[in-house]
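A quick write-up on the structure given underneath.
Throughout, numbering of the chain's residues begins at 1 and tracks the sequence. These values consider heavy atoms only, across backbone and side chains, with no hydrogens, waters or symmetry-generated copies.
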Amino acid sequence: MCEAYFPVGPGLGLEENFLSLDDILMSQEKLPGRAESALPRLAFALGQGAGTGDSIPEGSKLEVPLWLAKGLHDSKRRIISVELPKIYKEAWRTVFSADANVVDLHKMGPYYYGFGSQLLNFDNPENPEIAQTILQTFISRFRRIMDSSQNAYNEDTSALVARLDELERALFRAGQKGLNDFQCWEKGQASQITASSLVQNYGKRKFTDMDG
């Protein structure tokens, strides 16, 4: 008898969780970059050559998946350099600071928060500003996401989630589930609510201390 798949959450910050499907998909997102030295036998793998033995000349512009960019990026050896995707550049950071809720994050990048956090692995003088923008964007959009999830009971939510990145969609689903569970309990369609084992154990210890 096969067991149901139990989803594994993405990593936090600079770390990836290699058991997470979301992190695996996020690591395939492309980064613009430049070859700082010749890259032998990598042209075909990066879609820039017809044969498996072709090399990428020094100075070539690249589109490198995140996982490979992290492997090749070395500030000492200068194998490749990476550039910021446009959504993390100053012009878009200004848009986010003005009103983050107007941005279609899924269209700009379905893993905006996770991918942006991974960019902090690369030496870039704008890293502090990128980190601050990611945090403030999440704070600005969080309340609207959760409010929407709580006010869309038994409604078509496709339009609501279309502009959200994958992390925000997970939060929206969590809010919807919480609302649905509460509605079921309120209608008597859920099992009886009982105190958690942690609370019960705490109560037992408290009474034992009092008896002593």
**Request:** Check for a donor-acceptor pair, side chain of Asn127 on one end and backbone N or O of Phe122 on the other, with a separation under 3.5 Å.
**Result:** yes
**Item:** Set of residues satisfying side-chain hydrogen bond (donor to acceptor under 3.5 Å, both in side chains) with respect to Arg163, sequence neighbours excluded
**Value:** none
**Prompt:** Mind checking whether Val102 and Phe172 sit in one hydrophobic cluster, side chains of I, L, V, M, F, W, Y counted as touching below 4.5 Å?
**Reply:** yes
**Message:** For the CG atom of Leu167 and the CG atom of Leu105, what is their distance to the nearest 0.5 Å?
**Reply:** 10.0 Å
**Item:** CD1-CG distance between Ile145 and Leu171, expressed to the nearest 0.5 angstrom
**Value:** 6.0 Å
**Item:** Any residue meeting ring pair (Phe, Tyr, Trp, His ring centres under 6.0 Å) with Tyr113, in chain and number order, not counting sequence neighbours
**Value:** Phe138
**Item:** side chain to side chain contact (heavy atoms under 4.5 Å, CB included) partners of Lys177, counting only residues at least two apart
**Value:** Asp181
**Message:** Please report the interatomic distance OG(Ser81) to CG(Asp123), rounded to the nearest 0.5 Å.
**Reply:** 11.5 Å
**Asked** Hey, what do you get for CE (Met26) to CH2 (Trp67), rounding to the nearest 0.5 Å?
**Response** 14.0 Å
**Item:** Any residue meeting side chain to side chain contact (heavy atoms under 4.5 Å, CB included) with Lys107, in chain and number order, not counting sequence neighbours
**Value:** Asp104
**Asked** How about Glu90: does its CD atom have over 12 heavy atoms from other parts shown lying under 6.0 Å from it?
**Response** no
**Asked** When you look at Glu83 and Leu31, which way does the side chain to side chain contact (heavy atoms under 4.5 Å, CB included) test go after all the steps?
**Response** CA-CA 7 Å; Glu83 301 174 8; Leu31 266 175; over 6 Å; no
**Asked** If we only count heavy atoms from C-beta on, is the Leu179 to Ser149 side-chain gap below 4.5 Å?
**Response** no
**Gln150 side chain to Gly175 backbone, donor-acceptor under 3.5 Å** = yes
**Request:** Applying side chain to side chain contact (heavy atoms under 4.5 Å, CB included), name anything that partners Glu129, two or more places apart in sequence or on another chain.
**Result:** Arg93, Glu126
**Item:** Glu29 side, atom CD; Leu25 side, atom CG - distance, nearest 0.5 Å
**Value:** 8.5 Å
**Message:** Determine whether a donor-acceptor pair (N or O, by modelled atom type, separation under 3.5 Å) exists between the side chain of Ser60 and the backbone of Ile56.
**Reply:** no
**Item:** Donor-acceptor contact present, side-chain Glu168 to main-chain Asp165, <3.5 Å
**Value:** yes
**Prompt:** Is there side-chain contact between Leu164 and Arg141, with heavy atoms separated by less than 4.5 Å?
**Reply:** yes
**Note, Val64 side chain near Val82 side chain (heavy atom, < 4.5 Å)** = no
**Heavy-atom pair of closest approach, residues Ala100 and Thr137** = CB-CG2, 4.0 Å
**Request:** Apply side chain to side chain contact (heavy atoms under 4.5 Å, CB included) to Glu166 and list each qualifying residue two or more places apart in sequence or on a separate chain.
**Result:** His106, Pro110, Tyr111, Arg169
**Prompt:** Can you check whether Lys61 reaches Pro32 side chain to side chain, under 4.5 Å on heavy atoms?
**Reply:** no
**Request:** Using the test salt bridge (charged side-chain N to carboxylate O under 4.0 Å, His left out), find all partners of Glu36 that sit at least two apart in sequence or belong to another chain.
**Result:** Arg34, Arg78
**Asked** Atom CD of Gln132 and atom CG of Leu135: how far apart are they, to the nearest 0.5 Å?
**Response** 5.5 Å
**Request:** Go through the steps for Leu68 and Ile80 under the test side chain to side chain contact (heavy atoms under 4.5 Å, CB included), then give the verdict.
**Result:** CA-CA 10 Å; Leu68 182 57; Ile80 67 168; over 6 Å; no
**Message:** With a 4.5 Å cut-off on side-chain heavy atoms, are Leu119 and Pro85 touching?
**Reply:** yes
**Message:** Can you confirm whether Thr133 sits close enough to Trp92 that some side-chain heavy atom of one is under 4.5 Å from a side-chain heavy atom of the other?
**Reply:** no
**Asked** Who pairs with Tyr112 by ring pair (Phe, Tyr, Trp, His ring centres under 6.0 Å), at least two apart in sequence or on another chain?
**Response** Tyr88, Phe96
